[in-house]
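Note: hydrogens, waters and symmetry copies are ignored here, and every other heavy atom, side chains too, is used. Numbers restart at 1 for each chain; the letters A, B, ... are given by sequence-line order, proteins then strands.
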There are 2 protein chains.
Amino acid sequence: MRYSADHKAQTHDRIVKEAAARFRRDGIAATGLQPLMKALGLTHGGFYAHFKSKDDLVETALLSATEELTQVCEKAFANPQPLHSFIDTYLSPTHRDSPERGCPLPTMAAELGQRGQPSPITDQGVEDRLARLAAALHNAPNADEQSVVMLSTLVGALLLSRSVQDPQLSLRILDTARKALKQQADDVL
Amino acid sequence: MRYSADHKAQTHDRIVKEAAARFRRDGIAATGLQPLMKALGLTHGGFYAHFKSKDDLVETALLSATEELTQVCEKAFANPQPLHSFIDTYLSPTHRDSPERGCPLPTMAAELGQRGQPSPITDQGVEDRLARLAAALHNAPNADEQSVVMLSTLVGALLLSRSVQDPQLSLRILDTARKALKQQADDVL
DNA sequence: TGTACATCAGTGAACGCGCGTTCACTGATGTAC
DNA sequence: TGTACATCAGTGAACGCGCGTTCACTGATGTAC
């Protein structure tokens, strides 16, 4: 059944988007290609018309997720108080409860590190994020160092808030980290 | 082949220790029971003489890892400058390169959160760690908040330093976070 | 414009593999007499 | 002290399952005449 010119590109994109969501929500190992294709109304055999292997999809999906996230971040950075706005978004209960649409670092960094040959997206992603934070700090004298600490705290706090069962403790982690980071940002600027 | 009185307890302990190491190094899903038992010179069938299921082992191994880690932490806290000593240990290249003997949070928090029914060890572990940090801060007025930020930064920085490929960037994350946290500790005290 | 053909995205059965788990068994050692 | 028996930690084949991957195929549509 031959389809219109851009049909394949559209399907390709649907697979990438769905995979990017599942990888972040469930992890790479726990995401099966069969259920993934089924969720899109397709059969698993067709997968290999789009990707060389699961690893190929992982790389493509992670790039897509990173790119998508950069745009979400830029939206926050476009607000009047860019850093405050970004910190509020990153450490919001919404972000905590929607890993499938959020930052890949807290969900996938550990698994990517454990895999045999991790893709360079982590390095590039971390460097980009650090550079973006440093820029938002208006390149203050110690902006480079502050950005490393900030990113670590952001990722760590979100990870902890997600792994804890007690809703009160989870919220306490988010709120405390959010408040402290905004204070820290003000001190630097 | 009947063994001496405490032989079974010893084998049980060996399985727990090996599992605690593998779960932290490779993740839970990637750790097979067959390879695990083989590494101990046993066959996989005997596993069920010791544990009800893999989940049972996961719970036991995580408790063991947490307990073991608490002792390592206390060693650091026993030094002249307890907080500095602890921060130096946690964010050392040694800890980064030995996840199998280190803190379970950076390696396993994401996977535990993604599992269906995570054990309460995360909550208890996080609370314990927070309380220990607050105590080390001599219960300064905002020690409760500082401890949350500290733990987030510790976990986040270690996670990032592990997931990055570039050794220079990895070391930069560790060094920067270590320096900033020690400064932060001094400010509070 | 109408027909024959080529294309190729998607189908679905099949593959080998390792997983967690089960189970009938073995056989060295502690215990009972 | 010597012998018969019970115990039970560990053995290893087998189970069903879902995984990633392969492949001969289908059939609607674009293209050539």
Between protein and nucleotides 12-21 of chain C, map the contacts as a letter string: B base, S sugar-phosphate only, - none, heavy atoms under 4.0 Å, written 5' to 3'. BBB----SBB
Cut-off 3.5 Å, no hydrogens considered: what does the side-chain donor-acceptor table look like for residues 54-65 of chain B, sequence neighbours left out?
| from | atom 1 | to | atom 2 | distance (Å) |
| --- | --- | --- | --- | --- |
| K54(B) | NZ | I28(B) | O | 3.0 |
| K54(B) | NZ | T31(B) | O | 2.9 |
| D55(B) | OD1 | R115(B) | NH1 | 3.3 |
| D55(B) | OD1 | R115(B) | NH2 | 3.2 |
| D56(B) | OD2 | K52(B) | N | 2.9 |
| T60(B) | OG1 | D56(B) | O | 2.9 |

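Using a 3.5 Å distance cut-off with no hydrogens or angles, the side chains of T11(A) and R14(A) do not pair a donor with an acceptor. In the model, S152(B) has no side-chain atom that pairs as donor or acceptor with a side-chain atom of T153(A) under 3.5 Å. No hydrogens or angles considered: a donor-acceptor pair under 3.5 Å links the side chains of R96(A) and S170(A).
Taking each heavy atom of V188(B) and A140(B) in turn, the nearest pair found is CG1-CB, 3.5 Å.
Taking the six-membered ring where the residue is Trp, H50(B) and H12(B) present tilted rings, their angle falling between 30° and 60°.
More than 12 heavy atoms of other residues, nucleotides or ligands shown are found within 6.0 angstrom of NZ on K182(A). Heavy atoms from other residues, nucleotides or ligands lying under 6.0 Å from CD of E74(A) number more than 12.
One interatomic measurement links the two molecules: CG of D6(B) to P of dT29(C), which rounds to 15 Å at whole-angstrom precision. In this structure, L40(B) atom CG and dT11(D) atom C1' are separated by 15 Å, rounded to whole Å. Atoms CG (D13(A)) and P (dA9(C)) sit 16 Å apart, rounded to a whole Å.
Listed pair T11(A) / dA9(C) fails the phosphate criterion, with no side-chain N or O lying under 4.0 Å from OP1 or OP2. Considering only side-chain N and O atoms, H7(B) lies nowhere under 4.0 angstrom from the phosphate OP1 or OP2 of dT29(C).
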Taking Watson-Crick (N1-N3 plus N6-O4 or O6-N4) and G-U wobble (N1-O2, O6-N3), each under 3.5 Å, can you produce the dot-bracket string of DNA chain C? Use [ ] for crossing pairs and | for inter-strand ones. .||||||||||||||||||||||||||||||||
